[in-house]
*Asks:* 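Sending over a structure as structure tokens; questions will come in a sec.
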Amino acid sequence: MRIAISTGGGDAPGLNAVIRAVVLSAHHRGWRSYGIQRGYEGLLSFEGVVPLGPAQVRGITHLGGTILGTTNRGNPFRYVMRDADGKEHETDRSEDMVAAFQASGFDALVSIGGDGSLQISYELWKKGLPVVCVPKTIDNDVSGTQRSFGFDTAVSTATEAIDRLHSTAESHDRVMVVELMGRYAGWIALSSGLSGSADVILLPEIPFDIEKVIAKIRSREAAGRRFSIVVVAEGARSKDGTVELVERRGVGTVDRLGGIGSKVARAIEHFTGKETRTLVLGHLQRGGSPTTYDRLLALRFGAAAVRAIADGVFGIMVGLRGSGIEQVPLAEIVGRSKNVPLDCDTIATARELEISLGD
Ligand code: F6P
């Protein structure tokens, strides 16, 4: 058996652990593994396919990023080409991709990616590509799995940042607004905001009323708490559209979010008169060494992906359900992102701890 491995979309801590588990589990069965570099681009150019054996994956479990490189511009169905005059346009290169896969003599592809990669893998599977997916994203918004690897590390980083902001916010009697990643899901903001004792947490799932945010800050002030920590998910938006998220679309790329934190901060400063500063934690949430939880989950996912191939099961994603890893058909999950359920106990906990969710 010849197994190809690709990592697509934004990187996440734990990618290298998955790669290592796939390579070693395949080696254990006497199979060979190959890494496709920079998402699917390596395969489309025939120049980015590298053999991976135990020696190539030694000592990488704890390393952030991906040894294969990645891109969120490598969608073969919307491949970005440049004209002679430098203008970009999209073209469908999925047939080239399947042909390149077959020409390379691969028997299976392990595709490690988030929402976008899963969608691409599903379409490629329908075209005959034997694919098994592994859910990766710090956003934790992939359905069919309780967790994607990378999320726990991002939440730990964000929680530590919020912890550190407390002392400086309190010393200066300031409001600190922290903008966190997560796209259109509030998992990172909710988990780290609650763990880091934020006073306000704004999520994409709960459109906020800026007056409620201001009321919370004023009530803290009245109680002698002259500083506040406001956590804002990058995909959060206000009820009436007065404080909107900033979004940009580009050819062949995914939506780019960011900017809501400074808008919320400006509104708070304007209405409360309190000095308000913004921190955009950004890509720090994606960097660094994966936590123990993410390493273990990533290793389990990688080994489970090879087990699925050994079972001859394709067109699936390995997902965490309860305490075990299951095979989830891609058809059941693509196009369905997983948001924070409004009736979950974490939301209830935040409310019972009198954290404002801006509603
Ligand atoms: O999906 C992971 C993620 O980090 C999101 O939270 C964020 O919106 C996006 O990727 C940023 O992508 P890029 O690295 O392309 O700016």
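First listed ligand is number 1; within each ligand, the first listed atom is number 1.
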*Asks:* Heavy-atom pairs closer than 4.0 Å: do any link ligand 1 to the side chain of R286, the backbone, both, or neither?
*Replies:*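 The answer is the side chain.
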*Asks:* Heavy atoms only, cut-off 4.0 Å: how does I138 contact ligand 1, side chain, backbone, both, or neither?
*Replies:*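 Side chain only.
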*Asks:* Could you tell me whether the side chains of T61 and R295 share a donor-acceptor contact shorter than 3.5 Å?
*Replies:*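 There is no such pair between these side chains.
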*Asks:* Establish, from distance only, whether the side-chain atoms of T7 and T66 form a donor-acceptor pair under 3.5 Å.
*Replies:*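 A pair is found: one side chain offers a donor N or O, the other an acceptor, under 3.5 Å apart.
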*Asks:* For F208, is the NZ or CZ atom of R237 found under 6.0 angstrom from the centre of its six-membered ring and inside 45 degrees of the ring axis?
*Replies:*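 No.
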*Asks:* Which part of R256 is near ligand 1, with near meaning a heavy atom under 4.0 Å away: side chain, backbone, both or neither?
*Replies:*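 Near ligand 1, R256 shows nothing, with every heavy atom at 4.0 Å or more.
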*Asks:* Closer than 4.0 Å to some heavy atom of G182 - which atoms of ligand 1 meet that?
*Replies:*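 Result: 6 (O).
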*Asks:* Is there a donor-acceptor pair closer than 3.5 Å between any side-chain N or O of R174 and the backbone N or O of E170?
*Replies:*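 Looks like no, no N/O pair under 3.5 Å.
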*Asks:* For ligand 1, which atoms, with element, lie under 4.0 Å from some heavy atom of H283?
*Replies:*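 Per the distance check, 13 (P), 14 (O), 16 (O).
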*Asks:* Counting neighbours of CZ on R147 that are heavy atoms of other residues, nucleotides or ligands and sit closer than 6.0 Å, is the number greater than 12?
*Replies:*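 Yes, CZ of R147 has more than 12 neighbouring heavy atoms, counting only those of other groups under 6.0 Å.
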*Asks:* Would you mind finding which of T70, D139, L180 brings a heavy atom closest to atom 2 (C) of ligand 1?
*Replies:*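 Residue with the shortest heavy-atom distance to the ligand atom: D139.
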*Asks:* Please indicate whether any nitrogen or oxygen in M181 is less than 3.5 Å from any nitrogen or oxygen in ligand 1.
*Replies:*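 N/O-N/O distance below 3.5 Å does not exist for this pair.
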*Asks:* Check whether any side-chain N or O of S148 sits under 3.5 Å from a backbone N or O of V142 as a donor-acceptor pair, and report yes or no.
*Replies:*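 Not a single qualifying donor-acceptor pair exists.
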*Asks:* E234 heavy atoms, cut-off 4.0 Å: which ligand 1 atoms fall inside?
*Replies:*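 Answer, ordered by atom number: 5 (C), 6 (O), 7 (C), 8 (O).
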*Asks:* Which of the numbered atoms in ligand 1 are under 4.0 angstrom from any heavy atom belonging to R183?
*Replies:*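 Listed by number with element, the hits are 1 (O), 5 (C), 6 (O), 8 (O), 9 (C).
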*Asks:* Do S337 and D115 have side-chain N/O donor and acceptor atoms under 3.5 Å apart?
*Replies:*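 Distance-only check fails for S337 and D115.
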